[in-house]
Every structure is written in structure tokens, then in C-alpha cells.
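Data first, discussion second: the structure below is written as C-alpha cells.
Read the numbers this way: they start at 1 and go in the same order the structure lists the ligands and their atoms.
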Amino acid sequence: MTIFYFTATGNCLTVAKRIGGRLMSIPHLIHAPNLNFFEDDIIGVVFPIYAFSPPQMVQDFLKKVNWKAEYSFAIATYGNSDQFTLQQFQKEMESNGKHFHYLKTLLMVENYLPSFAMEDEIKKIPKKHIEENLEKILDDIDQRVETAPKTISFADKIRSFFSKRKVTYRLNRGQAKSFQVNSQCVKCLICEKVCPTANIQVKEHVEFGNNCESCFACLHLCPHNAIHLKNEKSSKRWIHPEVKLGEIVAANNQIH
Ligand SMILES: Cc1cc2nc3c(=O)[nH]c(=O)nc-3n(C[C@H](O)[C@H](O)[C@H](O)COP(=O)(O)O)c2cc1C
């Protein structure tokens with residue numbers, strides 16, 4: 001089994017690790033000079049939902065990659081609302097010649113700092129039944145369960161369009177320019193290393209470029225909690241407890 005994954009704060013990496021097999025980081029693969037053809041009995045993709053879509057890098061990867069598998073799946077983790085994400089995703093993938101046998105979303109911990117306070121999100125963990133839902137997904141994949149194609153009504157399409165526009169509006173490639181680095185920064189370079197788009201350079205100061213994926217890995221994973229948003233709901237940060245910082249560095253580091 002091969003799993004392609006994208007993660008900022010470890011939710012997706014935890015899911016990928018629990019499913020098992022050969023784990024391949026999308027931020028590494030997308031920058032490979034030649035994206036190979038992959039063949040395995042099972043091929044899966046695990047990614048977070050950003051504004052009701054996969055992160056841009058995951059979308060770009062899925063357009064480029066080719067594979068052959070007897071069974072394929074996509075798991076999208078999210079923190080609050082997954083409305084119609086899979087329906088849209090499935091439609092886009094099919095038009096791109098990719099069919100997934102099994103598509104599921106998994107409610108995990110919300111990490112979108114402009115709208116949510118991490119203290120509150122962490123308190124919600126028991127109510128989300130993450131473990132039971134993940135176990136069910138593991139069983140399904142084990143038994144090669146196939147999900148029925150999703151349909152989307154016209155009314156849902158309209159609702160999805162407007163809610164997507166609202167969130168997409170806040171996601172832009174230059175948004176890291178507004179991140180504020182405080183005096184707690186010791187230039188440890190972790191922010192550079194967890195950035196999946198190599199958008200951060202630590203020189204005299206921490207410098208952000210114009211290619212931000214909006215994943216917030218740099219904010220969440222700074223060991224000194226030195227990077228902040230002007231409009232963040234709280235300064236508390238999240239890394240999934242089953243994942244070590246070094247694993248996210250290994251997954252996302254573009255500085256060799
Ligand atoms: C930029 C951004 C946009 C997000 N948009 C959504 C969303 O539309 N719906 C939702 O439920 N969660 C959303 N989230 C939360 C993540 O999907 C969720 O926390 C995910 O499990 C994080 O996975 P990771 O820990 O592997 O990075 C968003 C998070 C970020 C950073």
C-alpha cells in the first residue's frame with residue numbers, strides 16, 4: 001500500500017501512519033523533477049480540508065500524478081465543517097481521469113487560527129469520536145469497501161459556492177507577509193523546515209515570501225510560540241500528540 005499525504009499539524013500524518021504502508025510526502029513529491037508513475041495494490045491520499053477543498057499543493061499533485069492500483073482511497077481530515085467537499089473533489093478528480101473507490105472525511109482537531117481558539121478546539125476532542133471514526137475507516141480500507149458516488153443538489157451547489165468563496169477570500173499566497181514574529185524567536189529555523197512551500201527564510205529576521213499555502217505549520221510548530229497572526233483567536237497552538245515535530249520537518253522540509 002502507498003499513501004500520499006499532506007500535513008501541517010499532524011492530523012493527516014497520524015491518519016496516514018495508522019493506515020500504514022509506504023508513506024510519501026506530497027511536499028517532497030511535488031518538487032521532484034520527474035513525478036513517477038506509481039503502482040501498488042492499494043493507493044491512498046490523506047489531506048486536510050482547506051476552505052472546503054484540498055490544499056492547492058494537493059490539487060496540483062493530483063493533477064500531475066499517475067498511478068495504477070486495484071483499490072484507491074482519499075481521506076480528508078477537517079475540523080469543523082466538510083460540507084460538500086468530497087462531492088466537489090470527486091467531480092474534479094473524475095474529470096481529471098481519477099476514480100477513488102473509497103472517499104471519506106474524518107472530523108479531527110480544527111487548526112484554523114483566524115477563526116478558532118485552540119483551547120476550545122482541544123476541549124472538543126472527546127465529542128468528536130475521532131478514534132471510533134478512524135477505526136471504522138481502517139476497517140473499511142482493510143475490507144476494500146467502496147463508497148457510493150456522491151450526488152449534490154442544485155441548492156447545495158449554491159450554498160457550497162458561497163461558503164467556499166467566503167473562506168477562500170481569506171486564503172492568499174501572500175498572507176504570511178502579515179505574520180508577526182515576536183522577540184521569543186531564537187532563529188531555530190524550525191519555521192523554515194516545516195514550511196511545505198519553502199516560503200520562509202531565516203536571515204537577520206524571519207522573512208516570508210509570496211508562496212504561502214496557508215497551512216499555519218510555522219505558527220503551530222514554532223517551539224517558542226514566536227509567530228502570530230494579528231487576528232488569531234488565541235496564542236495556543238496544536239500538534240497532534242501522536243506525531244513528533246521531527247516527523248513534520250521530515251515531511252515538509254524543502255531546504256536540503
Ligand atoms: C487554511 C485552512 C483552512 C481550513 N479550512 C477548513 C474547512 O473549510 N473546514 C474544516 O472543517 N476545517 C478546515 N480547516 C481545518 C483543517 O482541515 C483540520 O484541522 C485538519 O485536520 C488539519 O490537518 P493537519 O493537522 O494534518 O494539518 C482549515 C485549516 C486551515 C489551516
Side-chain angles (χ1 to χ4, degrees), residues 3-19 23 25-27 44-59 74-89 104-122 124-125 127-131 133-134 137 159-176 178-179 194-197 199 211-221 227-229 231-233 236-245 247-252:
I3 301 181
F4 305 116
Y5 72 95
F6 179 100
T7 197
T9 58
N11 295 350
C12 293
L13 180 51
T14 300
V15 172
K17 289 202 300 181
R18 289 287 297 279
I19 300 170
L23 305 192
S25 146
I26 292 175
V45 188
V46 184
F47 58 83
I49 292 177
Y50 289 177
F52 308 110
S53 296
Q56 190 58 50
M57 186 184 281
V58 176
Q59 296 182 43
I75 310 298
T77 77
Y78 70 105
N80 174 57
S81 164
D82 63 346
Q83 53 174 332
F84 325 119
T85 303
L86 285 186
Q87 287 92 325
Q88 302 277 15
F89 175 72
K104 270 276 146 76
T105 56
L106 177 65
L107 180 61
M108 295 186 83
V109 173
E110 175 64 64
N111 69 357
Y112 187 64
L113 295 170
S115 306
F116 300 92
M118 284 316 310
E119 302 75 341
D120 299 340
E121 296 312 304
I122 289 166
K124 290 180 193 163
I125 292 175
K127 284 194 200 137
K128 291 189 170 180
H129 305 290
I130 299 171
E131 188 53 35
N133 295 332
L134 177 55
I137 289 173
R159 255 180 258 134
S160 144
F161 176 78
F162 283 108
S163 48
K164 197 166 174 164
R165 264 190 42 168
K166 210 170 112 205
V167 186
T168 313
Y169 178 67
R170 292 192 231 145
L171 307 181
N172 73 71
R173 293 264 147 204
Q175 92 151 324
S178 65
F179 294 176
V194 296
C195 176
T197 59
N199 193 46
N211 193 22
C212 179
E213 188 68 52
S214 301
C215 72
F216 299 137
C218 56
L219 294 114
H220 280 286
L221 304 175
I227 312 179
H228 294 269
L229 291 171
N231 59 341
E232 66 193 20
K233 293 285 178 220
K236 176 102 176 130
R237 301 296 189 244
W238 169 252
I239 176 170
H240 194 287
E242 286 174 39
V243 160
K244 292 193 176 65
L245 176 58
E247 293 180 281
I248 302 184
V249 169
N252 290 0

Does any N or O atom in Asn11 lie less than 3.5 angstrom from one in ligand 1, N or O only? yes
Using 4.0 Å as the upper bound for N to carboxylate O, is an ion pair formed by Lys17 and Glu247? yes
Give the atoms of ligand 1, by number and element, whose distance to some non-hydrogen atom of Pro48 is under 4.0 Å. 17 (O), 20 (C), 22 (C), 23 (O)
Check Phe216 against ligand 1 and report side chain, backbone, both or neither, counting heavy atoms closer than 4.0 Å. side chain
When you look at NZ of Lys244, are more than 12 heavy atoms from neighbouring residues, nucleotides or ligands closer to it than 6.0 Å? no
Taking N or O atoms only and a 3.5 Å limit, does Trp238 qualify as a polar contact for ligand 1? no
Side chains of Asn111 and Thr9: is there a donor and an acceptor less than 3.5 Å apart? yes
Residues Glu131 and Arg18 bridged, charged N to O under 4.0 Å: yes
Judged on heavy-atom distance to atom 1 (C) of ligand 1, which of Ala251, Ser81, Ser214 sits nearest? Ser214
Check this for me - ligand 1, Met108, N or O atoms closer than 3.5 angstrom, yes or no? no
Do any nitrogen or oxygen atoms of Ile49 lie less than 3.5 angstrom from nitrogen or oxygen atoms of ligand 1? yes
Check ligand 1 against Thr9 and write out every atom of the ligand that is under 4.0 Å from a heavy-atom position of the residue. 24 (P), 25 (O), 27 (O)
Set of salt bridge (Lys or Arg N to Asp or Glu O under 4.0 Å) partners for Glu232, sequence neighbours left out: Arg237
Below 30° counts as parallel, above 60° as perpendicular, anything between as tilted: where do the rings of Tyr50 and Phe6 land? perpendicular
For Asn80, atoms of ligand 1 separated by under 4.0 Å from a heavy atom: 10 (C), 11 (O)
Could you work out, for atom 8 (O) of ligand 1, the closest of Phe52, Tyr5, Phe47 by heavy-atom distance? Phe52
Could you tell me, atom by atom, which parts of ligand 1 come under 4.0 Å of a heavy atom of Cys12? 23 (O), 24 (P), 26 (O)
Do Ser214 and Gln175 get their side chains close enough for a donor-acceptor pair, meaning under 3.5 Å? yes
For Lys236, give me all partners under salt bridge (Lys or Arg N to Asp or Glu O under 4.0 Å), at least two apart in sequence or on another chain. none
Counting from 1, what ligand 1 atoms have a heavy atom of Ala8 closer than 4.0 Å? 24 (P), 26 (O), 27 (O)
Do Phe6 and ligand 1 have an N or O pair less than 3.5 Å apart? no
